[in-house]
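Data first, discussion second: the structure below is written as structure tokens.
Atoms within each ligand, like the ligands themselves, are counted from 1 in listed order. Given the structure is predicted, the values throughout are model-derived calculations rather than measurements.
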Amino acid sequence: MPVVVKKTLGNLLQDEHNNYYELVSFFLDSDISNLEKEKKATYLLNDELDKIQLDKISLPHHPQDIKESYKNENQIVGQCYQDYLNRRKAGSEREYFKNVGQAFEFLIKVAPVKKVDGSWLYSLMKYWSDPVFHDLILIYLEELGLGQAKANHVCIYDNLLRKLGLEDFELFLEDEYYHQPAIQLALAYAPPVFIPEIIGFNLGYEQLPLHLLITNYELKELGIDAKYFNLHITIDNLDNGHAHKSFKVFENIYKKYKDKEAFMEKVKRGYALNQQGISSVHIIKNLNLENLVHAILKRKALVGQWVHNDQQEIGCKTINQWLTNPQEIGSFIDQLVEKKWIKLNCNPEESVFWRMISHAEGKMYGVFTPAERQIIHDWMGGEQHASKVLPYKNNLSKVEPLQDYLFRHMLDEQLQNLQAKVDQTDRFELKFCKLMPFLAPEFHHQGIGLWSTRKYAELLFPYLTVPAR
Ligand SMILES: [Fe+2]
Ligand SMILES: [Fe+2]
């Protein structure tokens with residue numbers, strides 16, 4: 001395509017979306033055709049890949065060296081984790097999450113990327129007839145829990161957020177948190193020319209990082225269900241798990257490409273896409289409950305600016321006046337601290353503001369959700385008085401079976417039609433063709449997607465599944 005035309009097309013595609021959040025919504029919109037998504041994916045990926053500097057990528061150039069470096073990396077990660085455990089056994093503090101509020105902040109900020117877990121492999125599902133892709137297809141199906149809600153990674157994360165009351169925090173996040181999810185969804189709809197990039201991306205994503213091990217350990221310590229993190233430690237292993245399968249496919253496809261240089265350059269660029277956006281490590285290093293509390297109060301101010309009476313003045317302004325300008329939330333909080341309504345680094349019960357929002361008879365009881373109150377509590381409590389364990393930890397184990405019921409009722413007309421169509425034909429290619437749309441990132445964690453995943457897995461890997469239905 002001539003440069004000028006390409007640029008015009010690029011601008012047109014770009015103009016429709018102002019930010020990554022909108023791009024993520026676009027890719028997850030089931031009313032938009034795959035053709036449109038493929039066009040957008042091509043534009044976005046080319047744009048992202050152009051930004052990558054090849055000489056800064058640490059991936060070795062030859063498959064054997066990559067395997068060696070993975071083994072070494074795995075050993076280093078294992079050793080660092082043992083060092084961490086030894087430090088903890090010797091009595092040192094948690095290193096990632098000081099309290100429950102910080103763990104909540106982490107879970108909220110990684111949510112956009114967890115909600116599209118595995119999506120970068122979706123486009124490969126149409127290559128079911130080519131065994132060279134079977135290991136990647138299997139990784140995708142395992143990300144989808146082979147169609148079992150209890151094992152589907154997106155369902156597990158959604159369930160975790162639901163149990164903690166953290167489902168509605170996405171509007172608190174800045175757009176950059178949607179950068180990596182937008183890339184993963186673009187890979188989901190990428191045309192075949194991007195297969196080497198997908199393989200490279202997958203090679204990087206399926207490795208076991210140190211932060212996953214420590215996150216898993218510290219969440220458990222705080223009384224938070226760490227199943228999502230734990231299963232990535234077991235399922236992604238280098239011995240026979242996703243890391244192993246990722247390397248095997250890469251090696252097999254490498255052998256098929258005539259121009260190995262060109263292939264490796266594309267693999268490396270795909271690998272580097274892992275680094276785009278905000279990483280888990282960056283999120284952990286920059287946890288800041290005060291900023292999150294500001295964000296929560298700014299949102300409340302949208303309604304709060306109209307509902308307070310004008311009798312009470314704080315720092316020469318009424319509460320309504322303070323809340324009219326969300327940019328002044330920081331100064332407003334400073335005033336509340338000065339007036340001793342908020343006492344930082346003390347037991348929150350000593351603060352008027354805390355009693356107002358958390359006691360049943362408090363004037364602002366019900367304004368903040370339990371999860372928001374936990375975050376505010378741990379910000380106010382500081383080192384000494386923040387929650388070191390989830391207050392309702394013991395109740396959570398009792399609600400575990402609830403998840404089974406959440407999906408049992410989702411048999412709907414669309415699903416029944418699909419089941420009839422798939423059952424009516426004996427032709428394999430038609431069955432796959434009918435099932436594939438429901439394995440897409442926007443569907444696979446819903447009733448119809450879970451059924452389609454089970455059926456797809458049953459057709460391609462019968463040894464793995466119990467029959468669907
Ligand atoms: Fe996963
Ligand atoms: Fe995985």
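Using a cut-off of 2.8 Å, one finds that His153 contributes no N/O/S atom close to the Fe ion (ligand 2). The Fe ion (ligand 2) has no N, O or S atom of Glu142 closer than 2.8 Å.
Heavy atoms only, all atoms of each residue included: Glu442 and Ser30 are closest at OE2-CA, 3.8 Å.
Among the heteroatoms counted here (N, O or S) of Asp236, OD1 is the one nearest to the Fe ion (ligand 2). As for Asp117, its N/O/S atom nearest the Fe ion (ligand 1) is the one called OD2. Taking the N/O/S atoms of Glu143 in turn, the shortest distance to the Fe ion (ligand 2) belongs to OE2. As for His232, its N/O/S atom nearest the Fe ion (ligand 1) is the one called NE2. Looking only at its N/O/S atoms, His242 has ND1 as the one nearest to the Fe ion (ligand 2). Closest N/O/S atom of Glu206 to the Fe ion (ligand 2): OE1.
Relative to the ring axis of Tyr254, Lys260 places its NZ or CZ within 45° and under 6.0 Å from the centre. Phe26 carries Lys40 over the face of its six-membered ring, with the cationic atom under 6.0 Å from the centre and within 45° of the normal. A cation-pi geometry, defined here as NZ or CZ lying under 6.0 Å from the six-membered ring centre and within 45° of its normal, holds between Lys266 and Phe194.
Under 4.0 Å is where a charged nitrogen must lie from a carboxylate oxygen, and between Lys67 and Glu251 no such pair does. Look at Arg88 and Glu221 and you find a salt bridge, because one of the NZ, NE, NH1 or NH2 atoms lies within 4.0 Å of a carboxylate O, short of that distance.
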